[in-house]
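Comments concern the structure below.
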Amino acid sequence: IMLMAPLVSKTGIEFNREELRSNRFTSGGLRTCDVTDLVLVVQDEAKITNRLGVVGGLRLGLNSTFNEYYTPSLSAKYALARWGFRFTVAKGFRTPTLKELYMNWDHNGMFWIIGNEKLKPEQSIFYSLSTDYVNSEKKVNITGIVSYNQVDQKIGGVWSDNQTRFLYYNMKSYGIFTAELLGKWKVSPSFLL
């Protein structure tokens, strides 16, 4: 396959530091909790042929609590006359928040919110397939999308002890399937359906 256009590289750096000092992290006095994330993002686009384009990306992260992680993504689009077909696959990663990890708080004797220092980060793999139909003369655009997201270690919460304690935990693996159909038609210059 002959490469029709040079790669277009995009890079970025993301830095986030969160620090919270509160008496809601322990039952006796103030405690300071913090987390730092440093992320490097790289993305390349390539036009393989006049009809086929590919976008690949990679996020490399370093989290002060959960060490290094990576989340790659790949998307390919094939264009054919008025039709466009796109396939995407991407990995996801989310670390627990300070609240989910460390909270130990009594809400005026009504209930407790309890963090869990043993929480693991959420990880997922996302797949999407979509098709677009665009007819400029008739001013019609129709898009259909199906996607599936496989999530591992989803962070959730559960009430226990007669609704007096809210506890964070990692859920079992599960999948989320979605389907969407979107349409747009410009019936007249002043009416869009």
Side-chain angles (χ1 to χ4, degrees), residues 9-46 54-77 86-107 110-130 145-161 163-180:
S9 296
K10 298 176 183 175
T11 58
I13 296 176
E14 181 180 309
F15 178 80
N16 182 37
R17 176 165 171 76
E18 184 177 357
E19 182 176 311
L20 187 57
R21 182 176 169 92
S22 176
N23 62 355
R24 295 180 178 177
F25 289 138
T26 62
S27 56
L30 292 173
R31 178 179 175 190
T32 301
C33 295
D34 61 77
V35 65
T36 302
D37 268 307
L38 177 62
V39 180
L40 173 64
V41 181
V42 178
Q43 179 176 302
D44 282 330
E45 297 178 38
V54 177
V55 178
L58 180 64
R59 290 174 57 93
L60 299 169
L62 181 59
N63 181 275
S64 60
T65 306
F66 296 101
N67 301 320
E68 66 277 344
Y69 60 91
Y70 68 97
T71 52
S73 64
L74 181 65
S75 183
K77 182 178 181 184
R86 183 184 308 272
F87 175 74
T88 301
V89 60
K91 187 175 176 184
F93 184 90
R94 182 181 85 82
T95 59
T97 65
L98 293 176
K99 176 183 173 184
E100 292 164 340
L101 286 169
Y102 305 116
M103 181 71 71
N104 187 5
W105 179 54
D106 175 14
H107 186 325
M110 294 186 284
F111 61 87
W112 282 83
I113 297 177
I114 309 293
N116 180 352
E117 293 188 42
K118 295 181 181 178
L119 285 175
K120 297 175 183 165
E122 293 178 6
Q123 297 188 49
S124 63
I125 298 180
F126 173 79
Y127 304 92
S128 174
L129 182 62
S130 66
I145 305 167
V146 292
S147 66
Y148 179 75
N149 198 6
Q150 176 66 44
V151 182
D152 295 319
Q153 304 295 338
K154 170 78 173 142
I155 298 168
V158 64
W159 286 98
S160 68
D161 298 333
Q163 304 285 322
T164 60
R165 293 167 58 92
F166 186 81
L167 309 165
Y168 289 100
Y169 71 102
N170 287 108
M171 299 177 178
K172 292 184 178 181
S173 298
Y174 67 93
I176 303 165
F177 176 81
T178 62
E180 298 177 68

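The structure presented is a predicted model; accordingly, all values stated were derived computationally and were not measured.
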query: Does the distance from a Lys or Arg side-chain N to an Asp or Glu carboxylate O, for E18 and K99, drop under 4.0 Å?
result: no
- request: First locate atom CE of M103, then atom OG of S22, and finally report the distance between them rounded to the nearest 0.5 Å.
  value: 6.5 Å
- request: Locate the shortest heavy-atom distance separating V35 from S64; write the atom from each residue and the value.
  value: CA-OG, 3.4 Å
query: Can you name the nearest heavy-atom pair linking Q123 to F93, along with the distance?
result: CG-CD1, 3.8 Å
query: side-chain contact (heavy atoms from CB on, under 4.5 Å) between F111 and Q163: does it pass, once the steps are laid out?
result: CA-CA 7 Å; F111 61 87; Q163 304 285 322; over 6 Å; no
query: When rounded to the nearest 0.5 angstrom, what distance separates CG in L40 from CZ in F15?
result: 14.5 Å
query: If you round to the nearest 0.5 Å, how far is OG1 of T88 from CG of L129?
result: 9.0 Å
message: If we count only N and O atoms by modelled type, under 3.5 Å, do the side chains of D37 and N16 hold a donor and an acceptor together?
response: no
Please tabulate, one pair per line, all N/O donor-acceptor pairs under 3.5 Å involving side-chain atoms of residues 145-160, not counting sequence neighbours.
residue : atom : partner : partner atom : Å
S147    : OG   : T178    : OG1          : 2.4
Y148    : OH   : Q150    : OE1          : 2.6
Q150    : NE2  : Y174    : O            : 3.4
D152    : OD1  : S173    : OG           : 2.4

Parallel, tilted or perpendicular: rings of W105 and H107 (30°, 60°): tilted
query: Going through the checks in order, is the side-chain contact (heavy atoms from CB on, under 4.5 Å) test met by I114 and N104?
result: CA-CA 5 Å; I114 309 293; N104 187 5; 3.6 Å; yes
- prompt: Is the side chain of D161 donor-acceptor paired with the backbone N or O of T164 at a distance under 3.5 Å, no angle test?
  reply: no
query: Taking all atoms of both residues into account, what is the closest heavy-atom pair of A90 and S73, and its distance?
result: CB-CB, 3.7 Å
query: Quick one: is the NZ or CZ of K91 closer than 6.0 Å to the six-membered ring centre of Y70, and within 45° of its axis?
result: yes
statement: D106 and M110 have their tightest heavy-atom pair at OD1-N, 4.2 Å
task: Give a yes or no on this: more than 12 heavy atoms of other residues, nucleotides or ligands lie within 6.0 Å of atom CZ of F87.
output: yes
message: Does either side chain, that of R17 or that of T36, offer a donor lying less than 3.5 Å from an acceptor on the other one?
response: yes
query: Hey, what do you get for OG1 (T95) to CG (N63), rounding to the nearest 0.5 Å?
result: 4.5 Å
Minimum side-chain heavy-atom gap I13-V39 below 4.5 Å: no
- prompt: Does D44 use its side chain to pair, donor to acceptor, with the backbone of G56 at less than 3.5 Å?
  reply: no
Distance in Å, L101 CG paired with T65 OG1, rounded so as to fall on 0.5 Å steps: 6.5 Å
- prompt: side-chain contact (heavy atoms from CB on, under 4.5 Å) between Y69 and L60: does it pass, once the steps are laid out?
  reply: CA-CA 6 Å; Y69 60 91; L60 299 169; over 6 Å; no
- request: Step by step, work out the side-chain contact (heavy atoms from CB on, under 4.5 Å) result for E122 and S124.
  value: CA-CA 7 Å; E122 293 178 6; S124 63; over 6 Å; no
statement: CD (Q43) and CG (L58) are apart, to the nearest 0.5 Å, by 11.0 Å
- request: Taking all non-hydrogen atoms of both residues into account, name the closest pair between R59 and V41 and its distance.
  value: NH1-CG2, 3.7 Å
statement: Heavy atoms of G115 and Y168 approach each other most closely as CA-CD1, 4.0 Å
